[in-house]
Asks: 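One structure is given below, represented as structure tokens, and several questions about it will come after.
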Amino acid sequence: MYGIIATWRMSLEGISEAADMLKKSADAGDSIETAIRAVEDFEFYKSVGYGGLPNEEMEVELDAAFMDGDTLDVGCVGAIKDYANPVSIARMLSKEPVNNFLVGAGAEKYAHRHGFERKNMLTERAKIHYHNRVKETTENTELKPYSGHDTVGMVCLDDKGHMTAATSTSGLFMKHAGRVGDSPVSGSGFYVDSEVGGASATGLGEDVMKGCVSYEIVRLMKEGKTPQEACDIAVNTFDKELKKRRGKAGDMSLIAMNNKGEWGVTTNIEGFSFAVATENEEPTVYLVKFDENHKQYFEVASKEWMDNYMATRTAPLVRK
Ligand code: GLY
């Protein structure tokens with residue numbers, strides 16, 4: 001069995017490429033890297049890679065991670081600037097004996113030393129978003145980041161039972177320089193163990209990190225829970241816990257797959273979408289909905305929804 005699951009509609013093209021590779025017995029590491037790079041390279045996705053929204057100093061700082069579920073190798077970059085594919089840098093770091101998590105200038109030096117592609121990641125479109133946000137903010141209001149965030153996070157299983165997880169994000173729009181979220185943090189933004197399964201998160205990093213939610217899902221799967229049960233327990237319990245202790249919980253959406261290719265998804269927000277492909281299922285985008293009892297269910301995205309999604313992402317932007 002092979003499979004790949006990923007956060008948000010934006011991962012569809014990437015996981016489709018990965019599914020083609022997995023069908024031909026490609027490795028889970030190569031497949032997931034290809035899938036994440038496709039999202040990083042697409043300039044109209046404004047929360048990942050090229051075209052990602054900048055921090056409050058109008059600089060695009062990117063976080064990414066890669067984990068190998070066989071060896072438990074982890075590689076991560078935080079607040080890296082001017083490199084095209086942070087996930088590939090993270091993957092190379094995962095193979096180092098030490099120095100696996102590099103941030104800022106150190107991560108950039110490493111990427112330069114290893115010949116990774118340099119690129120100005122700030123697009124004209126992202127600059128317009130930045131200027132519009134500054135304009136919307138009156139003199140008396142502090143610049144505030146979005147409360148939630150669209151990180152791409154994926155879990156992949158190949159036909160040899162090898163599993164991987166990876167993430168990539170530009171983090172919160174208008175974040176402070178140097179701010180790093182959950183995405184490159186093992187156990188929070190991602191975790192995978194080929195003997196069990198893996199999970200990955202999107203949402204407000206500051207809150208996801210309080211619960212190590214990805215690790216918690218893998219731990220629950222190891223105890224025998226299905227991916228859906230594990231996601232439900234981990235996300236809903238932690239969401240309640242945050243509300244009890246802090247009065248509110250940030251956006252939190254988790255995807256998981258076990259080493260049989262079974263998957264699960266739980267979110268605490270309206271409007272979450274995800275994409276999945278397995279040996280038994282063509283690449284499909286699902287929307288998460290809630291019924292009148294606030295019980296979550298999944299609906300395959302309609303053609304109209306898909307068309308509208310791309311039209312809104314690529315619509316011309318006007319500087320206010
Ligand atoms: N979940 C991505 C971030 O908070 O940066």
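We count ligands from 1, going down the list as the structure has it; atoms in each ligand are counted the same way. All of these numbers come straight from a predicted model, not from anything done at the bench.
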Asks: For G203 and ligand 1, does the shortest N/O to N/O distance drop below 3.5 Å?
Replies: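 Yes; the residue has a nitrogen or oxygen that sits under 3.5 Å from a nitrogen or oxygen of the ligand.
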Asks: Which of the numbered atoms in ligand 1 are below 4.0 angstrom from a heavy atom of S183?
Replies: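 Close to S183: 1 (N), 2 (C).
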Asks: Closer than 4.0 angstrom: is that true for some heavy atom of D182 and an atom of ligand 1?
Replies: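 Right, D182 reaches ligand 1.
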Asks: Do T169 and T151 get their side chains close enough for a donor-acceptor pair, meaning under 3.5 Å?
Replies: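 Note: T169 and T151 side chains meet the donor-acceptor criterion.
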Asks: Please say whether the positively charged group of K119, taken as NZ for Lys or CZ for Arg, lies over the ring of Y50, i.e. under 6.0 angstrom from the six-membered ring centre and within 45 degrees of the axis.
Replies: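 Yes, K119 sits over the ring of Y50.
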Asks: Going by the atom numbers of ligand 1, which of them fall below 4.0 Å from some non-hydrogen atom of G181?
Replies: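 With G181 as reference, the close atoms of ligand 1 come out as 5 (O).
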Asks: Between E56 and R179, is there a salt bridge with N-O shorter than 4.0 Å?
Replies: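 No, this pair does not count.
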Asks: Decide whether an N or O pair under 3.5 Å exists between D63 and ligand 1.
Replies: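 Looking only at distances, the answer is no, because the N/O contact criterion of under 3.5 Å is not met.
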Asks: Geometry only, no angles: is G205 polar-contacting ligand 1 at N/O separations under 3.5 Å?
Replies: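 Right, the criterion is met.
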Asks: Do K24 and D20 sit within salt-bridge range, that is, some charged N less than 4.0 Å from a carboxylate O?
Replies: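 A salt bridge is absent here (no side-chain N lies under 4.0 Å from a carboxylate O).
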Asks: Got a salt bridge between E108 and R118, using NZ or NE/NH1/NH2 to carboxylate O under 4.0 Å?
Replies: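 R118 and E108: not salt-bridged.
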Asks: Under 3.5 Å, is there a donor-acceptor pair linking the side chains of E40 and S168?
Replies: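 Result is yes, a qualifying pair exists.
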Asks: Within a distance under 4.0 Å of any heavy atom of T151, pick out the atoms of ligand 1 and give their elements.
Replies: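 Going through ligand 1 atom by atom, the ones under 4.0 Å from T151 are 1 (N), 2 (C).
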Asks: Relative to ligand 1, is M252 under 4.0 angstrom through side chain, backbone, both or neither, heavy atoms considered?
Replies: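 No part of M252 is near ligand 1 at this cut-off.
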Asks: So is R179 touching ligand 1 or not, going by heavy atoms under 4.0 Å?
Replies: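 Within the 4.0 Å threshold, so yes.
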Asks: Would you check if there is a donor-acceptor pair between the side chains of N55 and E59 at a distance under 3.5 Å?
Replies: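 No, because no side-chain N or O of E59 sits under 3.5 Å from a partner of the opposite role on N55.
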Asks: What atoms of ligand 1 come within less than 4.0 Å of a heavy atom belonging to G171?
Replies: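 Counting from 1, the qualifying ligand atoms are 5 (O).
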